[in-house]
Amino acid sequence: MILQQVSVFLESQRGRLAPVVKHLGERGVNLRALMLAETDRFGILRFIADDPQAALEAVQELGNTARLSDVVGVEVPDHPGALGELLAVFEDTNVSIEYLYAELAGRGENALLILKLEPVQEALALLESAGF
Amino acid sequence: MWSEAVQTMPREQLRELQLRRLQTLVGIVHERVPFYRERLDAAGLRPGSVTCLDDLARIPFTSKYDMREVFPFGLFAVGRDEIVEVHMSSGTTGKPVVGAYTRDDVALWGEVMARTLDAGGLGSDDILQVAYGYGLFTGGLGGHYGGTTLGVMTLPMSSGNTLRQLNTMQDFGTTALACTPSYALFIAEYAREHGIDLVAGPLRAGFFGAEPWCEEMRADIEAKLGIKAYDIYGLTELIGPGVAAECGEQDGLHVFEDHFYPEIIDSESGAVLPTGEKGELVLTTLTRQGTPVLRYRTRDITYLIDEPCPCGRTSRRIHRLMGRNDDMLIIRGVNVFPQQVEEVLLRVEGVEPYYRIIVEREGVMDTLEVEVEMAEALFSDEVKVVLALERRIEHELRLALGIQAVVRLVNPKSIERSEGKAKRIVDRRSLPTGARSQG
């Protein structure tokens, strides 16, 4: 399934992440999944929330640059080897995985993975035909 | 003393020489350079109007902006067939400023740079390593012509390749170094890291200019290299280095007044200030043939010293530069104007024209950082896209400025907006008081 992810630009300075997370909490945004990408120059916080639009606006209120982008959410069984089976779907195809992270809380027997896939339509078709 | 007769000429005689040369110059540029003819005519001046040196004050100023407007040949006072060499300095934006030299101009350059080196005690037994860049920049060839004119063994090293600089210094027993002060410190640091003791070696004098430096930096260079460090001054618009230089007293720079006439003006009103008052240095070339310049506004702040100098030179001195009255930065010897940065940013689609330039000195090297706001249109969830943007801006800056800049993306609206003159520059180097940009 397609999910809308919120991405937030973080300057590469101490103390840039905490105010963003705190503000999201105050605005009642629940973080379902998140990942922080960092370079020596800047960071990008990516997360999934129940209401992406509200989360985006909450971040923008703080003055941070942020945007929504489409990512793919895939449920995989919570057992060893499951991720390998998922990634095998894209072997020998045009699809590339830009990044990947996992939901914070499990979903019973399953875990939700968040993937940035290119090109996304081809990826979705492959996932569907593989039964994910 | 090199050219002792003219350097110790009684002041009255020097003034007569200056007046004669000024009158000739005004006649020549009025006849041959439309740019000057129009301005002299507009000011109601004819070649015969200059009857005393004070009449110079009636001649209109020439700015860097004027000079680049007539790029490349607009200021030539001789036919192109008489020009044997050309140098250029970066302009504020776009076109550079051209200095063109006849054979006599090149000889003049050698003469005034020979005086510069001689003032620092060099002679035919010395070995001079020129580590200013050779090329369109005037530092390298200016130092070179001075060395060869004075009869010093001259090593045309150009800048960079520091290990080779040090090896050459040791192999040849270099006694004098000419480079930017920041490169001198870099060489000193490099030598220390590689266990090379320069203090005990034959190196004894250094000729440093092309960027602002202060007394603390002089003390540092002198201690680390075991030399006397002389401040030298010049600019491409006039001739390059060789306009003024310190003597052994290290107390102000002697202006080579028989060739370059100094005035100090009030930057706002343009009025000539009395000797000793601080203001903007204005220079007139008295003997240049290729591209003579009338009353060039250097934007450098200093004052004239008229007391006799124990060295015997009778010329007036300028105090070490005390700053600039425009927003030009000199970073690693390269002139950088904030407008150049702005132009680059405007070329990159989606970038807001809000930026901050931060100059620091890390160890001995100047660093240039440009803060750019991360606009929504530029942002991506993918690291590689944002990195590519940074690299693209850095690449464009490098092409435009000629030096490496580091781009740092910052939050939108985090750079101060200003109705008037925005605070675009943060200069954290320890420079002479007032040398920080006023931008």
Side-chain angles (χ1 to χ4, degrees), chain A residues 2-20 23 33-49 52-53 55-57 59-73 96-101 114-120, chain B residues 341 344-345 348-360 362 365 367-398 404-418 422-424 426 428:
Chain A
I2 293 278
L3 298 171
Q4 282 207 299
Q5 168 190 269
V6 182
S7 307
V8 185
F9 176 75
L10 298 170
E11 293 177 5
S12 180
Q13 271 180 43
R14 284 175 64 88
R16 293 294 178 198
L17 177 60
V20 175
H23 188 68
L34 88 167
M35 177 201 195
L36 182 63
E38 50 102 34
T39 74
D40 57 349
R41 306 276 195 86
F42 59 87
I44 299 176
L45 173 69
R46 304 159 180 147
F47 67 87
I48 303 293
Q53 192 58 41
L56 176 72
E57 282 161 19
V59 173
Q60 286 171 335
E61 279 169 11
L62 278 180
N64 285 68
T65 302
R67 65 179 292 164
L68 295 178
S69 45
D70 287 347
V71 292
V72 178
S96 63
I97 301 165
E98 301 298 332
Y99 54 79
L100 172 164
Y101 55 105
I114 315 295
L115 298 96
K116 174 72 184 252
L117 300 168
E118 298 282 356
V120 67
Chain B
V341 173
V344 165
L345 296 181
V348 180
E349 207 182 328
V351 172
E352 303 276 347
Y354 300 108
Y355 61 92
R356 222 156 61 117
I357 295 169
I358 297 164
V359 189
E360 288 183 273
E362 275 176 20
M365 289 302 279
T367 60
L368 171 61
E369 183 179 272
V370 179
E371 286 183 352
V372 180
E373 289 191 358
M374 181 79 227
E376 212 132 303
L378 299 168
F379 183 50
S380 163
D381 58 314
E382 292 182 29
V383 169
K384 65 182 178 190
V385 176
V386 180
L387 280 177
L389 170 72
E390 277 190 347
R391 286 198 201 104
R392 176 166 166 221
I393 301 174
E394 286 178 354
H395 177 71
E396 298 266 346
L397 284 172
R398 159 123 219 152
Q404 185 67 43
V406 172
V407 167
R408 204 167 74 80
L409 295 165
V410 298
N411 278 336
K413 311 271 187 326
S414 65
I415 294 173
E416 183 192 340
R417 266 63 165 163
S418 167
K423 180 97 184 112
R424 292 263 178 259
V426 182
R428 299 198 181 116

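This is a predicted model, so every value here is computed, not measured. No hydrogens, no waters, no symmetry mates; every other heavy atom, side chains included, goes into these values. First the proteins, then the strands, lettered A, B, ... as listed; each starts at 1.
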Quick one: closest heavy-atom pair of B:Phe379 and A:Phe9, and the distance? CZ-N, 3.4 Å
Leading residue by heavy atom contact count with chain B [cutoff under 4.5 Å; candidates A:Val71, A:Leu68, A:Val6, A:Ile44]: A:Ile44
For B:Asn411, does its backbone N or O pair with a side-chain atom of A:Glu11 as donor and acceptor, under 3.5 Å? yes
In terms of heavy-atom proximity below 4.5 Å to chain A, should B:Leu378 be classed as side chain, backbone, both, or neither? neither
A:Asn64 CG to B:Glu376 CD distance, which is reported to the nearest 0.5 Å: 10.5 Å
Between B:Pro412 and A:Thr65, what is the shortest heavy-atom contact and its length? CD-OG1, 2.8 Å
Which atoms of A:Gln60 come close to chain B, meaning under 4.5 Å heavy atom to heavy atom: side chain ones, backbone ones, both, or neither? side chain
Side chain, backbone, both or neither: which part of A:Phe42 has a heavy atom under 4.5 Å from chain B? side chain
Please determine whether a side-chain nitrogen of the Lys or Arg among B:Lys384 and A:Glu118 lies less than 4.0 Å from a carboxylate oxygen of the Asp or Glu. no
Residue A:Val8 versus chain B: region with a heavy atom under 4.5 Å: backbone
Which answer fits A:Arg67, side chain, backbone, both or neither, if we ask what part of it has an atom under 4.5 Å from a heavy atom of chain B? both
When you look at CD of A:Glu61, are more than 12 heavy atoms from neighbouring residues, nucleotides or ligands closer to it than 6.0 Å? yes
Between A:Gln5, A:Arg46, A:Arg16, which residue shows the highest count of heavy-atom pairs closer than 4.5 Å to chain B? A:Arg46
In short, B:Val383 meets A:Ala37 closest at the heavy-atom pair CG2-CB, 3.6 Å
For the backbone of B:Val406 and the side chain of A:Arg41, can you confirm whether one donor and one acceptor N or O come within less than 3.5 Å of each other? no
Donor-acceptor contact below 3.5 Å, side chain A:Ser69 vs main chain B:Asp381: no
